[in-house]
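All figures in this text were calculated on a predicted structure; none of them were measured in a lab. Chain identifiers are assigned alphabetically (A, B, ...) following the order of the sequence lines, protein sequences preceding nucleic acid strands; residue numbering begins at 1 within each chain.
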Protein chains: 2
Amino acid sequence: MVTLAEVAQHAGVSASTVSYVLSGKRSISASTRQRVERSIQQLGYHPNAGARALASNRSNIIALMIPLRTDMYMPVMMEIAIAVATTARAHGYDVLLLTGEEGPDAVRRVTGSGLADAMIPMDVELDDERLPLLRGSDRPSVLIGLPADTTGLTCVDLDFGATGALCVEHLAKLGHRDIAVIGEAPGVYERHTGFAERTLDGLRSRSRELGLRLLHRPCEGGYDAMSVTLARVFDERPSTTGFVVQNESAVEPLLALLRQQGRAVPEDVSVVAICPDQLAMQASVRLTSVAIPAQEMGRRAVELLVAKLEGHGTDEVVLLPPELTVRASSGPAPSTS
Amino acid sequence: MVTLAEVAQHAGVSASTVSYVLSGKRSISASTRQRVERSIQQLGYHPNAGARALASNRSNIIALMIPLRTDMYMPVMMEIAIAVATTARAHGYDVLLLTGEEGPDAVRRVTGSGLADAMIPMDVELDDERLPLLRGSDRPSVLIGLPADTTGLTCVDLDFGATGALCVEHLAKLGHRDIAVIGEAPGVYERHTGFAERTLDGLRSRSRELGLRLLHRPCEGGYDAMSVTLARVFDERPSTTGFVVQNESAVEPLLALLRQQGRAVPEDVSVVAICPDQLAMQASVRLTSVAIPAQEMGRRAVELLVAKLEGHGTDEVVLLPPELTVRASSGPAPSTS
DNA sequence: TAGGATTGTCGAAGCGCTTCGACTAGATTC
DNA sequence: GAATCTAGTCGAAGCGCTTCGACAATCCTA
């Protein structure tokens with residue numbers, strides 16, 4: 001391993017000078033800088049991460065806490081994780097991957113040991129166990145997701161409340177009066193996961209305002225679960241003509257089952273999905289959907305975090321405005337005749 | 001931040017004694033140990049990661065290099081990543097998430113800076129750029145995936161050659177003679193990704209041995225791409241009755257399109273998928289499939305790596321044997337009458 | 001042209017931990 | 001009962017870096 005001292009010797013300067021060349025915290029003459037940089041190149045020097053962390057009290061590592069539940073839609077998590085990693089690298093940070101398994105202890109361990117400078121908790125519950133720790137910590141954090149109380153926190157999320165409202169409005173405008181919501185798996189609601197509950201709130205309050213009837217049914221993914229759920233929906237509200245689907249792995253099953261029952265989309269039934277654009281476009285019917293801007297969320301979270309780490313940056317809640325794209329799965333409600 | 005020295009003082013012992021209590025590298029009397037452990041508890045001590053890394057030359061971090069391409073099936077990657085993180089934690093390691101973006105430089109950076117003790121490269125190409133660096137490095141690594149030349153390397157992967165063979169055998173046994181392979185996206189082959197090419201080899205050589213006719217078509221996911229691909233297949237080989245699908249996001253489109261064309265599965269056409277079990281069971285037709293043991297791969301990789309880090313552990317190639325589960329998507333070939 | 005500000009460089013002191021050698025007591029040996 | 005072990009503990013020397021204060025040398029400004 002090449003050390004700072006060896007680089008210094010090779011370049012004929014002191015160790016501190018090399019350090020200042022690297023960090024740019026003091027001005028260095030152009031000639032010296034070049035000499036040092038050449039030595040670094042030639043020797044293939046890489047600063048030792050541990051030594052740096054010890055001396056500077058900064059590890060240049062951001063901890064990303066992903067859920068390990070399998071009832072969350074993986075591709076979205078993955079996309080966020082990749083966006084976080086990519087953006088972090090662009091700012092000189094590496095990303096440590098923590099699973100939900102450790103729970104709040106992970107926060108203690110990581111901040112206590114100085115392993116990471118900052119944290120990005122995902123899969124935030126409304127009254128998340130980690131919140132007090134995050135609030136009380138000197139290390140900054142940015143949540144991806146929205147808890148009930150955001151005081152003293154920085155959060156990034158799609159505005160799921162507005163998303164729900166938007167879906168309802170779209171269907172209302174097309175004349176639909178009876179709307180069924182195919183929600184996430186029951187476990188997601190039992191955990192009081194922020195995004196799921198907020199979506200529901202948005203859906204409910206807007207449909208109340210618009211005088212629509214709303215039926216919410218959580219649903220595990222897959223054909224069997226969807227089949228049972230769908231039967232129940234039409235049983236309870238035969239007049240249902242609009243669907244809002246939030247569970248990605250229920251989308252395709254729903255479309256197949258509707259088809260199978262002879263209900264045409266969008267002639268008889270309209271479907272609005274809340275899912276990544278890619279999925280909406282790859283489905284068997286191009287789906288009218290509100291996109292989940294996974295990349296954007298990951299990127300924004302890191303940018304907020306880096307701002308905090310650099311001193312500027314304040315607590316704020318960034319709610320990305322939902323965008324509804326009309327595709328082939330929604331249309332005017334069938335006439336009631 | 002509580003330091004080792006403070007714990008030592010609190011417990012009335014020297015710093016080195018606390019260190020030995022923590023590491024267990026020298027014997028400590030039961031009474032002293034208890035006193036120290038109680039102090040650690042009371043003070044809420046967490047060893048500083050940087051200092052530890054500097055002094056011991058071990059970071060207790062494993063770097064996981066995931067692809068950032070979107071043509072790979074994300075859930076599998078995610079599942080592997082989570083298994084890696086979970087297993088690593090169980091062995092006292094944390095996981096650093098690196099994306100493919102940096103390429104081989106990531107290997108240099110991470111090993112050069114001592115950021116990670118070991119690496120797990122994923123998405124391995126047959127002649128991967130990273131291989132020489134890994135071979136020449138003093139830091140151990142375990143690849144998830146199989147390059148062309150494995151000398152001096154440790155690898156874990158599903159035996160994709162055997163997987164291909166198994167799919168063909170299954171269809172052959174059912175009397176199918178003309179088989180179409182719906183492969184991964186073209187880019188995957190262009191990069192010479194190990195698993196895709198090995199599957200193809202297995203499919204081809206076994207069908208040659210069994211006297212079957214094989215048509216391989218790469219395919220992007222989604223309905224449009226699948227629709228075009230399928231049309232070409234039946235155009236070129238109208239007698240096709242068996243499908244092997246390796247691209248997860250082509251599975252559901254294929255089933256829908258076949259249905260739409262009035263070809264019943266499995267009466268007219270049999271489909272064998274290479275995909276995670278969950279997907280096979282959630283599809284609109286329960287799929288006969290060879291499972292991709294994502295968790296197992298992640299777990300095994302970490303275990304091999306930990307063995308190497310602890311001194312025992314040798315270079316070896318672990319090929320997990322494929323298992324084909326017969327479900328509802330495959331059946332006897334229709335009689336040629 | 002003297003005084004103060006600015007620029008570029010160095011030396012040294014740590015950051016918090018691990019680990020090696022040394023030391024003390026008691027246990028074991030012949 | 002002297003010689004030898006062993007178990008348990010300590011002190012001190014680093015690991016490779018950052019950063020502070022000090023110091024020359026150069027630059028203004030009046």
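- No more than 12 heavy atoms of other residues, nucleotides or ligands sit less than 6.0 Å from atom CG of Asp127(B).
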Please write out the pairs of protein N or O atoms and N or O atoms of nucleotides 23-26 of chain C separated by less than 3.5 Å, giving the distance to one decimal.
none

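- Separating the CZ atom of Arg52(B) from the P atom of dG16(D) is a distance of 18 Å, rounded to the nearest angstrom.
- With respect to the salt-bridge test (charged N to carboxylate O, under 4.0 angstrom), the residues Asp315(A) and Lys308(A) qualify.
- Salt bridge Glu101(B)/Arg89(A): absent, no basic N to carboxylate O contact under 4.0 Å.
- Crowding of Gln295(A) atom CD: a count of heavy atoms from other residues, nucleotides or ligands under 6.0 Å not exceeding 12.
- The CG atom of Leu4(A) sits 16 Å away from the C1' atom of dG14(D) (whole-angstrom rounding).
- Arg58(B) has its CZ atom 10 Å from the P atom of dT19(C), to the nearest Å.
- For the pair Asn57(B) CG and dG14(D) C1', the interatomic distance rounds to 13 Å; values are reported in whole Å.
- Atom CG of Leu54(A) is separated from atom P of dC17(D) by 12 Å (rounded to the nearest Å).
- Contact check, Lys25(A) against dT18(D): no side-chain N or O comes under 4.0 Å of OP1 or OP2.
- Computed from coordinates, the Leu22(A) CG to dT18(D) C1' distance equals 11 Å when rounded to whole Å.
- In this structure, Arg198(A) contributes its side chain and Pro147(A) its backbone to a donor-acceptor pair below 3.5 Å.
- Atom CG of Asn48(A) and atom P of dG16(C) are 17 Å apart (whole Å).
- Side-chain N or O atoms of Arg135(A) include one that pairs as donor or acceptor with a backbone N or O of Thr151(A) at under 3.5 Å.
- No more than 12 heavy atoms of other residues, nucleotides or ligands shown are found within 6.0 angstrom of CD on Gln9(A).
- With respect to the salt-bridge test (charged N to carboxylate O, under 4.0 angstrom), the residues Asp123(A) and Arg191(A) qualify.
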Check nucleotides 7-10 of chain C for protein N or O atoms closer than 3.5 Å to its own N or O atoms and list the pairs.
unit_1, atom_1, unit_2, atom_2, d
dG8(C), OP2, Ser27(A), OG, 2.6
dT9(C), OP1, Ser29(A), OG, 2.9
dT9(C), OP1, Thr32(A), OG1, 2.3
dT9(C), OP2, Ser29(A), N, 2.9
dT9(C), OP2, Ser29(A), OG, 3.2
dT9(C), OP2, Thr32(A), OG1, 3.3
dT9(C), O4, Arg26(A), NH1, 2.7
dC10(C), OP2, Ser14(A), N, 2.8
dC10(C), OP2, Ser14(A), OG, 3.2
dC10(C), OP2, Thr17(A), OG1, 2.4
dC10(C), N4, Arg26(A), NH1, 3.4

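- Across all strands shown, Ser19(A) has heavy atoms under 4.0 Å from base atoms, whether or not it also approaches the sugar-phosphate.
- Side-chain contact between Asp94(A) and Leu98(B) is present, with at least one heavy-atom pair separated by less than 4.5 Å.
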